[in-house]
Structure formats: C-alpha cells, structure tokens
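Just so you know, ligand 1 is whichever comes first in the structure, and atom 1 is the first atom listed for that ligand.
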Amino acid sequence: MILYPHLDTNAEGHLTVGGMDTVELAREFGTPAYIMDEDVIRANCRTYLTAARAHFGADALPLYASKALCFTGIYRLVAEEGLGVDCVSGGELFTALRAGFPAERIYFHGNNKTDADLAMALDMGVGTIVVDNEDELDALHALARAKGKVQRILLRITPGIDPHTHRAIQTGNVDSKFGRAIATGQALEITKAALARTGVRPVGFHCHIGSQIFDIDPFRDAADIMVRFIAEVKRETGFEAEELNLGGGLGVPYLAEDRRIDYAAAVAEIAAIVRQNAADAGIRMPRIILEPGRSLVAAAGITLYTVGSVKEIPGFRNYVSVDGGMPDNPRYALYQSQYTALIANRASAPKDYRATVAGRCCESGDLIGENMPLQKPQRGDILAVLTTGAYNFAMASNYNRLPRPPVILVQGGKARVAVRRETYEDIVRNDLSE
Ligand code: LLP
C-alpha cells in the first residue's frame, strides 16, 4: 500500500492503481493523464450512503459536490450509486442533464446565479435551488411564477464559523460572499422574505463551513448554530425547517502523516449532534443532507507525467520538470497544497532524493510541489502525483495553450477513457479566423 490501499507496487517495482500497472497505463494513454480508480469512488459513495441511511434516516440523500470532479461519466456513476448531486453552474447542470442524471436529485448552488441559470434549472426540473440572497430570491420567484412553478428551495446561511482557526468565532466568517449571516439578522430577514414569495417553497437551510477539514468541532458548532437558528425562525415565523444541509468539507490525506477520517463515524457523530441539539431546542429532527466532494473522489485519482529534465543547482535545489504543471494541477500555485509524488517505474526503490517538481509553463510559480521526496529521477521516467481526483481536472486550464489531459477510469483490471485528451484542434476550436 502506498498512501491508500488501492495503490501498490508489482513485481517489476511499478506503481499500480486498482491492480493496474501505471507505467503500462502511461504507455497506452500517454502523459500527462489523470487515472481514476472507479471502485474507490463507488466505495466512498456507499460509505456515505450507508452511514447516512443508518444515522439520518431511510430517506437520507448524500449529495456529491460535483465541482470536485465533473464530467458526464461521473454523474452516471453517482446516479447508479443512489446519491444526489450539488451543481454550481449552468455548465455543471448541462453536464448532469447530458448524463441523464435525475433532476429532482440535484441541488443547485452558487452565490450569483444568472437569470439564464435559474431559468435553466426551472426548465430542467432541478429538485432544489439553494438561494443565496434577496436579489436571487426575487428573480427566482418571478421566473417560477412566469413558468407556473413553485420551486423547492433552501436558503444559504452563514453561521459565522472559521473552521481553520478552530472553534466558533461567531462573527469570523460573516463577511463571506456566500449566503446571509445569522449574526447580522439578515438570515432571518431573507427567511421571512422567502416565506412571503409564492414562486418558491422554502424547506430549510444550507451552510458550508469550508474544505479539507479534519476536525469534527467546526461541524459541531455549525450544527449547533444552525439548529438554534431553525428554532429562532420557528418562534418568529412559525416555519419549522424540515431539511438542514450542512455542506461538505471533510478532509483527505495527501501525505503519509496526514490524519485519516472515518467518514461513517463522522456521519454518525454529526447525526447525534443534530439530534441532541434539536431535542434541546424543541424542534423536530430535520432531514440532514451532507454534500462531500473531495472525500468522495480525491483519493481515487493520480496524475501521471513524463519527466523531461532533471536540473541540479548546487547549493540551491533540484528541479524535475514534467510534461504538465499548473494547467492540470493549479493547487500548489494557488494554495501551496502538499502532495505525495513518486517515480512510478521505480516505485519500490527508496526515496533518497528531493526535488522541486516543475511544470512546463512560462512562469516560475508553475510548480507541483517543492522539496518533494522522490526516487532519483531521470528523463523518460513516469512521475506519479497521488490524491489528484478532486479539484485537479475540475480546475484545469489551457494556460500556455496546453491541451487538457484525459481522464482514464480503471476498474476490474480494465481501463477506459472517460474524457479524451484535448487536441491542438480543440485548442483553436473557438478562435475565429476573421
Ligand atoms: N458544498 C458547497 C456549498 C461547497 O462550496 C463545497 C466546496 C462543497 C460542498 C464540497 O466541499 P468538499 O467536500 O470538497 O470539501 N478548490 C479548492 C476547494 C474549494 C471548495 C469549494 N467548495 C481546493 O482545491 O482545495
């Protein structure tokens, strides 16, 4: 096992994913390439679904936050596993629609949905729209009335929690671009406004406190604050929320020393917290929704690159340049995110070398990581970066006109292309000659 049970080495000392030789995969599909182990995604979906049904109730519906990894095939896979999805744009809605995803199981998010987005969601029959603000509420109400519909909605609430500074800092996150804050009284105001609009049917509230969180305490605080808000709304308006969506955010290990979360246990704990708080606040237990993204898909993915050059700068550092970089993985450039990397064709050898892994864009910040432990690399080696299933392909760009890598799904000893590699023709597809 290398970081995760589905990653290992074979008799040739090559890295394997789902039992398949990554060096062979690189030969067959070229590099750079995203390789995703389908069984891992399915197993993660089942973990959440089983735990949610056991602890939230038989009608529990975990949602996959599809911003983490979005292509037609993933919606089919998630639909087969019985989850719902969170979509955040017309593009994601369109992809879900194209995949035949059941629209009633879609929750439509976003802090600035356009009229076109809202009309599209209404026409598709999206089950729930998570309304962010009063302007959107008015626009949705008008559009729904014009179409003769009453749209099921949740209201996006800012509970005022900064999960990264730990424990509730009650006003810590009030100045967020998302939702309306409890602390300012605006959450209650938008609730009253929604209850007065006939084009919408509010069923509850949504909050999302952050991403890559390992601690259960911020979720405990969010559940506590949100349940108290539900009770306040009930007192003030008589409306008792039937649904509470606590967002996504549970973390995954990127490095061997990172903590590992037992997701089923986390679901059980969140259920217990909400149940206790609801009983204390004198409200009925709401239907709890969770919408994980990263923890469903991150571990499933690895990225394979070919090493182009190894440069040693005495007294400074070693550079290993690969045939991808920030266009396929912008997360180091954006967040200094840490990854585990290795030379896939010598995966059993000791990591006795350190290098900065650089991409091939024309800027020095184009790095996958700095000072990364590796087997000593040479030109032509296959370099694998692990845990790239979430927010890599989804955030990929064509910077420097690099074509986006393919997404290859492996399952049962077979590999298939889920998203084909972009070509140079794809790159100029929308350029008009005049
Ligand atoms: N629900 C909502 C409303 C969200 O905004 C997000 C993520 C999720 C669910 C899923 O959160 P997850 O379970 O994946 O943590 N690009 C960043 C992550 C941005 C997350 C944005 N929202 C990264 O690469 O780390």
Does Ala68 have a non-hydrogen atom less than 4.0 Å from ligand 1?
no
If you scan protein heavy atoms around atom 2 (C) of ligand 1, the nearest is Lys67 NZ, 3.4 Å
### Message
Would His109 count as being in polar contact with ligand 1, using the rule that some N or O on each side must be under 3.5 angstrom apart?
### Response
no
### Query
Do NZ/NE/NH1/NH2 and the carboxylate oxygens of Arg197 and Asp138 come within less than 4.0 Å?
yes
Heavy-atom nearest pair, Gly82 first then Leu61, reads O-CD1, 3.7 Å
Under 4.0 Å from one or more heavy atoms of Pro292, ligand 1 contributes atoms 13 (O)
Ser295-ligand 1 polar pair, N/O distance under 3.5 Å = no
Within 4.0 Å of some non-hydrogen atom of Arg156, the atoms of ligand 1 are 3 (C)
One finds that the ligand 1 atoms under 4.0 Å from a non-hydrogen atom of Asp86 are 1 (N), 2 (C), 9 (C)
Short version for Leu334: what comes under 4.0 Å of ligand 1, heavy atoms counted, is neither
Note: Arg294, heavy atoms under 4.0 Å from ligand 1, region reported as both
Exercise. Should Gly293 be counted as touching ligand 1, given the test is an N or O pair under 3.5 Å?
Worked result: yes
So the atoms of ligand 1 within less than 4.0 Å of a heavy atom of His206 turn out to be 3 (C)
Ligand 1 atoms nearer than 4.0 angstrom to some heavy atom of Ala65 are 8 (C), 9 (C), 10 (C)
Return yes when Gly249 approaches ligand 1 closer than 4.0 angstrom through a heavy atom, no otherwise. yes
Practice prompt. Could you check whether the rings of His6 and Tyr4 sit parallel, tilted or perpendicular, using 30° and 60° as the cut-offs?
Written response: tilted
So the atoms of ligand 1 within less than 4.0 Å of a heavy atom of Glu291 turn out to be 1 (N), 2 (C), 3 (C), 8 (C), 9 (C), 10 (C)
